Amino acid sequence: MKLDRKEILKALETISVAGDGSNMVESGVVQNVMTFSDEVVVDLVLSTPALHIKKRAEVDVMKVIHEKVYEKAKVKVNIKVQAPEKKQPEIKGKAIPGIKNIIAVASGKGGVGKSTVTSNIAVTLAKMGFKVGILDADIYGPSTPMMFDVEAERPLSVTVNGKSKMKPVENYGVKILSIGFFTKPSQAVVWRGPMAAKALNQMIFDADWGELDFMLIDLPPGTGDIHLSIMQSLPITGSVIVSTPQNVALADAKKGVAMFQQESINVPVLGIVENMAYFTPEELPDNKYYIFGQEGAKNLSEDLKVPFLGEIPLVQSLRESGDIGRPAALQTATPLESAFEEITRNMVQETVNRNKDLPPTEAIKITTMAGCSAVNKK
């Protein structure tokens with residue numbers, strides 16, 4: 001049975017917090033709920049270390065899920081004790097109201113499947129019950145509309161608080177805005193940096209995104225002007241780097257990590273995804289052929305001391321699904337679905353860890369040319 005995250009949250013609202021009149025969800029005790037088929041993981045934060053309180057909370061959560069949602073659900077409860085005064089400060093910078101986490105997906109190099117990975121992570125998040133949006137910031141090569149089969153769609157105009165806003169196009173439970181909606185398929189976007197930055201700002205701030213748990217930003221390849229414009233406009237929660245295993249791609253992926261870790265930018269890297277990790281022929285399902293090298297991105301993550309989120313095999317259906325506009329993660333009981341579920345689960349967990357351990361990222365301020373070039377520290 002596929003568990004529904006919304007049903008679980010509704011069930012948890014019936015549990016009272018010891019010594020408090022509110023329920024677990026209202027009071028913020030429930031930090032995160034993740035569902036995977038018939039499994040559910042609930043993260044709780046309690047203000048007291050008392051063993052009987054912790055045990056009571058765990059038992060209550062398991063009992064209410066079994067009684068109100070699914071009696072055979074496999075429930076895991078993670079409990080962290082945190083003093084009330086250690087609440088994180090509010091996000092500074094020009095944030096978008098209603099959007100909880102903004103994840104930048106970058107590659108450093110083109111052709112490694114960054115947009116494909118972004119699209120499939122987005123639909124996997126939606127399948128898990130999260131509210132998701134994609135901002136296609138790849139101004140010069142927008143591919144998200146094709147991957148979601150919405151090339152012919154156009155954002156509608158809606159009025160919000162007396163202001164005209166763009167309503168993102170939606171498919172498969174994911175809200176999408178892309179420059180591809182405003183250009184013809186055969187039209188090349190020949191813009192200088194300031195023009196591209198202005199277009200991106202309009203899609204960010206002049207849009208009615210509503211409530212989102214995650215906004216994924218599909219960045220263009222490289223480390224340039226568009227990247228700086230995005231990070232100057234928004235407080236990015238974290239970044240995900242996509243690479244293939246070969247050395248040529250890894251060299252650029254390393255630069256992508258270095259960009260986010262640069263002192264003037266300082267955006268946490270949530271992890272690295274290895275795409276095209278190996279090829280398995282349909283007629284030889286137990287064979288793995290490492291066409292582009294073996295575990296290159298995994299080894300890079302260990303060298304750079306950033307998390308490894310997972311690997312994606314080189315499968316023909318992944319390319320075909322992107323071409324016909326139905327992301328491969330929507331398939332059921334396939335290696336691709338499993339791969340994207342693992343990657344997405346790890347990304348969500350790293351986001352939760354990052355939000356617990358680090359203060360919110362501020363929108364960066366670049367006042368000199370130092371922010372636009374490589375900085376060598378001696």
Side-chain angles (χ1 to χ4, degrees), residues 102-127 130-157 166-191 195-196 199-200 202-204 207 209 212 214-222 226-227 230 240-244 249 273 275-276 312-332 334 336-337 339-340 343-344 347:
I102 303 174
I103 310 296
V105 185
S107 64
K109 184 181 186 303
V112 298
K114 167 185 51 60
S115 296
T116 299
V117 171
T118 305
S119 300
N120 282 280
I121 288 177
V123 296
T124 304
L125 284 168
K127 282 168 64 179
F130 292 104
K131 297 174 184 175
V132 193
I134 292 181
L135 173 65
D136 186 0
D138 195 347
I139 290 288
Y140 306 110
S143 53
T144 303
M146 177 184 288
M147 291 186 174
F148 279 83
D149 193 25
V150 289
E151 286 179 286
E153 301 288 332
R154 295 294 178 265
L156 299 174
S157 177
M166 286 182 283
K167 183 179 181 181
V169 173
E170 187 169 346
N171 201 12
Y172 310 127
V174 179
K175 295 179 180 180
I176 308 155
L177 273 183
S178 168
I179 198 66
F181 292 136
F182 307 102
T183 59
K184 296 178 182 177
S186 59
Q187 181 182 349
V189 179
V190 188
W191 289 348
M195 241 181 124
L200 282 173
Q202 284 184 312
M203 288 195 292
I204 293 169
W209 287 101
L212 294 181
F214 289 92
M215 172 188 272
L216 303 182
I217 301 182
D218 184 9
L219 290 171
I226 299 297
H227 304 73
I230 288 287
V240 170
I241 308 296
V242 179
S243 179
T244 49
V273 174
N275 194 20
M276 309 181 206
I312 304 161
L314 182 61
V315 179
Q316 184 173 329
S317 64
L318 182 58
R319 188 274 304 166
E320 292 173 342
S321 63
D323 285 351
I324 65 170
R326 183 173 171 81
L330 293 171
Q331 301 169 9
T332 56
T334 65
L336 284 174
E337 183 194 37
F340 282 113
I343 288 166
T344 305
M347 187 197 79

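Worth saying up front: this structure is predicted, and the values here are computed from it rather than measured. For reference, positions follow the sequence shown, starting with 1.
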Does a side-chain heavy-atom distance below 4.5 Å link [X] with [Y]?
{"X": "Asp149", "Y": "Ile324", "value": "no"}
{"X": "Gln331", "Y": "Leu336", "value": "yes"}
{"X": "Val174", "Y": "Glu170", "value": "no"}
{"X": "Ile103", "Y": "Met215", "value": "no"}

Check [X] against [Y] and note the closest heavy-atom contact, atom names and distance.
{"X": "Pro155", "Y": "Leu177", "answer": "CG-CD2, 3.6 Å"}
{"X": "Arg154", "Y": "Val169", "answer": "C-CG2, 4.0 Å"}
{"X": "Met347", "Y": "Leu216", "answer": "CE-CD2, 4.5 Å"}
{"X": "Val132", "Y": "Ala126", "answer": "CG2-N, 3.7 Å"}
{"X": "Ile134", "Y": "Ser119", "answer": "CD1-CA, 4.1 Å"}
{"X": "Ala339", "Y": "Pro313", "answer": "CB-CD, 4.3 Å"}

Is the backbone N or O of [Y] less than 3.5 Å from a side-chain atom of [X], with the two atoms forming a donor-acceptor pair by type?
{"X": "Ser178", "Y": "Phe181", "value": "no"}
{"X": "Lys175", "Y": "Trp209", "value": "yes"}
{"X": "Lys114", "Y": "Leu219", "value": "yes"}
{"X": "Ser321", "Y": "Leu318", "value": "yes"}
{"X": "Asn275", "Y": "Ser243", "value": "no"}
{"X": "Lys127", "Y": "Ala329", "value": "yes"}
{"X": "Arg326", "Y": "Phe148", "value": "no"}

Between Ser115 and Asp218: side-chain donor-acceptor atoms closer than 3.5 Å = yes

Interatomic spacing from [atom1] in [X] to [atom2] in [Y] - rounded to 0.5 Å:
{"X": "Phe340", "Y": "Thr124", "atom1": "CZ", "atom2": "OG1", "answer": "7.0 Å"}
{"X": "Ile102", "Y": "Leu212", "atom1": "CD1", "atom2": "CG", "answer": "9.0 Å"}
{"X": "Met147", "Y": "Asp323", "atom1": "CE", "atom2": "CG", "answer": "8.0 Å"}

Show your working on side chain to side chain contact (heavy atoms under 4.5 Å, CB included) between Ile121 and Ile343 and close with a plain yes or no.
-> CA-CA 8 Å; Ile121 288 177; Ile343 288 166; 4.0 Å; yes

Residue pair Val273, Ile241: steps toward the side chain to side chain contact (heavy atoms under 4.5 Å, CB included) verdict | CA-CA 6 Å; Val273 174; Ile241 308 296; over 6 Å; no

Side chain to side chain contact (heavy atoms under 4.5 Å, CB included) evaluation trace for Asp136 with Ile179 | CA-CA 7 Å; Asp136 186 0; Ile179 198 66; over 6 Å; no

Take atom NZ of Lys131 as the centre, draw a 6.0 Å sphere, and report whether it contains more than 12 heavy atoms from other residues, nucleotides or ligands.
-> no

How far apart are the C-alpha atoms of Ser157 and Met166, what are their side-chain angles, what is the distance that settles it, and do they pass the side chain to side chain contact (heavy atoms under 4.5 Å, CB included) test?
-> CA-CA 5 Å; Ser157 177; Met166 286 182 283; over 6 Å; no

